[in-house]
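One-based numbering, in listed order, for ligands and for the atoms of each. Because only heavy atoms are used, hydrogens play no part in the values below, and waters and symmetry mates are left out as well, while side chains stay in. None of these values were measured; they are calculated from a predicted model.
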Amino acid sequence: MQPLPNMRFAPDLLTSQVALVTGGGTGMGRATAIEMARCGADVVVLGRRAEPIEDCAKIIRELGRKAVAISTDIRLPDQIDSAMLRIKDEFGRLDILVNNAGGQFVTPARELNNKGFETVIRNNLIGSWQMTKAVADHFMLEHGGSIVFVTACVRSGLSGFVHTAAARGGVLAMMKTLAFEWAEFGIRLNCVAPGTIKTEGMDHYPIDPEQWLKLNRNVMGHMGDVGDISAAIIFLSSSLGKFVTGEEWYIDGGETLHLAHDARQMIDAVKFSRREPAVLKK
Ligand SMILES: CCC/C=C/C(=O)SCCNC(=O)CCNC(=O)[C@H](O)C(C)(C)COP(=O)([O-])OP(=O)([O-])OC[C@H]1O[C@@H](n2cnc3c(N)ncnc32)[C@H](O)[C@@H]1OP(=O)([O-])[O-]
Ligand SMILES: NC(=O)C1=CN([C@@H]2O[C@H](COP(=O)(O)OP(=O)(O)OC[C@H]3O[C@@H](n4cnc5c(N)ncnc54)[C@H](OP(=O)(O)O)[C@@H]3O)[C@@H](O)[C@H]2O)C=CC1
């Protein structure tokens with residue numbers, strides 16, 4: 001488990017709000033669920049495995065907030081419907097949805113079969129749509145709310161991840177469309193696109209952190225932490241973000257800046273001689 005961030009928002013920022021965080025038992029979802037509770041929200045923690053979501057809900061209850069853990073696969077409409085009924089029963093309303101659950105595997109596109117492509121589309125695009133539609137139908141079309149999707153930095157593609165690039169690009173287009181259509185119902189929708197963030201989810205990938213720091217092109221020279229992402233999600237979900245909708249925020253330590261043309265080499269090689277990020281000098 002990654003260390004939780006220090007409290008950075010006012011403790012009453014989300015008072016009287018009910019939040020649902022998918023994939024809330026681990027990584028960025030867990031950090032977001034717990035930090036939302038510290039801001040006064042009651043929280044529904046959703047994921048497939050019972051143990052991590054129960055554990056997160058227990059921590060939230062110890063903070064003095066109400067929390068329920070609901071074991072649900074976001075790909076299965078029947079399970080989602082049951083989750084909505086349980087939320088209605090327990091809380092009567094839902095103000096915030098964080099569509100964070102997701103995942104994929106790394107593979108060259110030429111080795112990916114149709115089933116693998118569809119698996120990742122179902123988990124990341126269709127799962128997010130099903131959660132969003134259910135929450136709108138059961139709660140938010142009635143009283144408004146905020147929806148944040150956790151996506152990935154795919155605006156220039158993502159080699160080795162063609163399935164997730166397609167899924168996350170689809171989520172972005174869906175989010176922007178709904179932000180327009182559902183503004184009249186008081187629903188704001190936004191995306192947060194993490195760069196490379198240190199979570200237990202990253203253990204699924206064959207990355208040595210030292211090697212990663214040398215190869216990765218983010219200009220900070222280190223991975224992000226779960227609090228970098230939860231802070232953006234909470235800003236967008238709360239009244240702090242009340243004038244923001246249809247946006248995608250890249251929280252990536254400048255990882256995608258390398259796409260910019262680096263004109264320094266052409267202008268004055270001495271003046272702009274490159275310094276390594278401090279973390280690499282150690
Ligand atoms: C974006 C950049 C950085 C991102 C970082 C993070 O997101 S970190 C945090 C994110 N966390 C994570 O990413 C968590 C880790 N990821 C996962 O749990 C899974 O990858 C999953 C959620 C996508 C699917 O899970 P599932 O249980 O529903 O699926 P299943 O296992 O039953 O497979 C169905 C089909 O998919 C195919 N296929 C599947 N795996 C591979 C593979 N390695 N190789 C090749 N193909 C693979 C295969 O066709 C298989 O069918 P088969 O051949 O078996 O008949
Ligand atoms: N870490 C990173 O650098 C990056 C992460 N992301 C994305 O950010 C999100 C959070 O990732 P992170 O915290 O790193 O990783 P984790 O693997 O810790 O989080 C993913 C969570 O989603 C849940 N989940 C996955 N599939 C489903 C499903 N079908 N139904 C319900 N829950 C599901 C998992 O729980 P369970 O298995 O119990 O269901 C798990 O708690 C993911 O969408 C990830 O792809 C994007 C870019 C970079």
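Taking 4.0 Å as the cut-off, Gly103 counts as a neighbour of ligand 2 on heavy-atom distance. Using a non-hydrogen distance threshold of 4.0 Å, Pro52 does not register as a contact of ligand 2. Ligand 2 does not have Thr22 within reach: every non-hydrogen atom of the residue lies 4.0 Å or more from it. Heavy-atom distances between Val226 and ligand 2 stay at or above 4.0 Å for every pair.
Counting heavy atoms closer than 4.0 Å to ligand 2, residue Lys198 contributes nothing at all. Residue contacts with ligand 2 for Glu255 are absent, since no atom lies close enough (heavy atoms, distance under 4.0 Å). Of all the heavy atoms of Asn100, the ones lying under 4.0 Å from any atom of ligand 2 are found in both the backbone and the side chain. Of all the heavy atoms of Gln104, the ones lying under 4.0 Å from any atom of ligand 2 belong exclusively to the side chain. The backbone of Thr151, and not its side chain, has at least one atom closer than 4.0 Å to an atom of ligand 2 (non-hydrogen atoms only; backbone = N, CA, C, O).
Residues Leu112 and Val162 meet the side-chain proximity criterion, which asks for heavy atoms closer than 4.5 Å. Side-chain atoms of Val226 and Thr199, non-hydrogen and from C-beta on, do get closer than 4.5 Å to each other. Put simply, the side chain of Leu46 reaches to within 4.5 Å of the side chain of Met131, judged on heavy atoms.
Under a cut-off of 6.0 angstrom, the local environment of NZ in Lys88 is crowded, with over 12 non-hydrogen atoms contributed by other residues, nucleotides or ligands. Atom NZ of Lys66 sits in a crowded spot, with more than 12 heavy atoms from other residues, nucleotides or ligands closer than 6.0 Å. Heavy-atom neighbours of Glu200 CD from other residues, nucleotides or ligands within 6.0 Å: above the threshold of 12. In this structure, Asp203 places its CG atom where more than 12 heavy-atom neighbours from other residues, nucleotides or ligands lie under 6.0 Å away. With a 6.0 Å radius and a threshold of 12 heavy atoms from other residues, nucleotides or ligands, Glu142 has its CD atom at or below the threshold. Residue Phe185 qualifies as enclosed at atom CZ: its count of foreign heavy atoms under 6.0 Å is above 12.
Per-atom contact check: atom 50 (C) of ligand 1 does not touch the protein, criterion being a heavy-atom distance below 4.0 Å. Shown here, atom 30 (P) of ligand 1 is out of close reach of the protein: none of its heavy atoms lies under 4.0 Å off. Protein non-hydrogen atoms do not reach within 4.0 Å of atom 53 (O) of ligand 1. Remark: atom 38 (N) of ligand 1 lies closer than 4.0 Å to at least one protein heavy atom. Under the 4.0 Å distance rule, the nearest protein heavy atom to atom 47 (C) of ligand 1 falls inside the cut-off. Distance remark: protein heavy atom not present below 4.0 angstrom from atom 19 (C) of ligand 1. When distances from atom 27 (O) of ligand 1 to the protein are checked, no heavy atom turns up under 4.0 Å. For atom 44 (N) of ligand 1, the nearest protein heavy atom is under 4.0 Å away.
Which parts of ligand 2 touch Met202 is read off a 4.0 Å heavy-atom cut-off, strictly below it: atoms 1 (N), 2 (C), 3 (O). Of all the atoms in ligand 1, the ones that sit under 4.0 Å from a non-hydrogen atom of Leu158 are 1 (C), 2 (C). Under a 4.0 Å criterion applied to the non-hydrogen atoms of Gly116, ligand 1 contributes the atoms 36 (O), 37 (C), 49 (O). Below 4.0 Å from some heavy atom of Gly103 lie the following atoms of ligand 1, by number and element: 10 (C), 11 (N), 12 (C), 13 (O), 23 (C). Set against the non-hydrogen atoms of Asn123, the atoms of ligand 2 under 4.0 Å away are 26 (N), 27 (C), 28 (C), 29 (N). Near Asn113, meaning under 4.0 Å from one of its heavy atoms, ligand 1 places the atoms 49 (O). Near Asp73, with a cut-off below 4.0 Å to any heavy atom, the atoms of ligand 2 are 28 (C), 29 (N), 30 (N). Taking every heavy atom of Asn123 and a limit of under 4.0 angstrom, the matching atoms of ligand 1 come to 22 (C). Under a 4.0 Å criterion applied to the non-hydrogen atoms of Gly201, ligand 1 contributes the atoms 8 (S), 9 (C). Numbered from 1 in the order shown, with element, the atoms of ligand 1 that lie under 4.0 Å from a heavy atom of Met202 read 5 (C), 8 (S). Close approach of ligand 2 to Thr196 is summarised as follows: ligand atoms under 4.0 Å from at least one heavy atom of the residue are 3 (O).
Among Gly29, Ala50, Ala101, the residue whose heavy atom lies nearest to atom 32 (N) of ligand 2 is Ala101. Selection from Ile74, Thr199, Ile251, Ile80 by nearest heavy atom to atom 14 (O) of ligand 2 gives Thr199.
Using cut-offs of 30° and 60° for the angle between ring planes, the His163 and Phe105 rings count as perpendicular.
Using a 4.0 Å cut-off between a side-chain N of Lys or Arg and a carboxylate O of Asp or Glu, Arg65 and Asp42 qualify as a salt bridge.
Protein heavy atom in closest approach to atom 5 (C) of ligand 2: Met28 CE, 3.3 Å. Of the protein's non-hydrogen atoms, the one nearest atom 40 (N) of ligand 1 is Phe105 CD2, 3.4 Å. For atom 31 (C) of ligand 2, the closest non-hydrogen atom of the protein is Thr72 O, 3.3 Å. Counting protein heavy atoms only, atom 17 (C) of ligand 1 is closest to Gln104 O, 4.5 Å. Looking from atom 35 (C) of ligand 1 to the surrounding protein, the closest heavy atom is Thr119 OG1, 3.4 Å. In terms of protein heavy-atom proximity, atom 8 (S) of ligand 1 is nearest to Tyr205 CE1, 3.5 Å. Among protein heavy atoms, atom 27 (C) of ligand 2 sits closest to Arg48 NE, 3.5 Å. Protein heavy atom nearest atom 55 (O) of ligand 1, with residue, atom name and distance: Lys115 NZ, 2.7 Å.
Checked against His138 for a side chain to side chain contact (heavy atoms under 4.5 Å, CB included), the options Ile80, Asp81, Ile87, Leu94 give a single hit: Asp81.
Figure legend: cation-pi geometry between Arg168 and Phe161 absent, as NZ or CZ is not positioned both under 6.0 Å from the six-membered ring centre and within 45° of its axis.
The shortest N or O to N or O distance between Ile197 and ligand 2 is under 3.5 Å. Considering backbone and side-chain atoms together, Gly195 places an N or O closer than 3.5 Å to an N or O of ligand 2. Considering backbone and side-chain atoms alike, Thr164 places every N or O at 3.5 Å or more from each N or O of ligand 1. Distances between N or O atoms of Arg168 and those of ligand 2 include at least one value under 3.5 Å. On a distance-only criterion, Leu46 and ligand 2 share no N/O pair closer than 3.5 Å. In terms of N/O distances under 3.5 Å, ligand 2 is approached by Thr26.
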*asked:* Would Glu248 and Lys176 count as a salt bridge (charged side-chain N to carboxylate O under 4.0 Å, His left out) here? Give the steps.
replied: CA-CA 9 Å; Glu248 182 184 41; Lys176 283 182 178 282; over 6 Å; no

*Determine, step by step, whether Lys58 and Glu62 satisfy the salt bridge (charged side-chain N to carboxylate O under 4.0 Å, His left out) criterion, reporting the C-alpha distance in whole Å, the side-chain angles of both residues, the deciding distance to 0.1 Å, and the verdict.*
CA-CA 6 Å; Lys58 182 167 166 277; Glu62 283 165 7; 3.4 Å; yes

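Nearest heavy-atom pair across Pro194 and Cys153 is O-SG, 3.3 Å.
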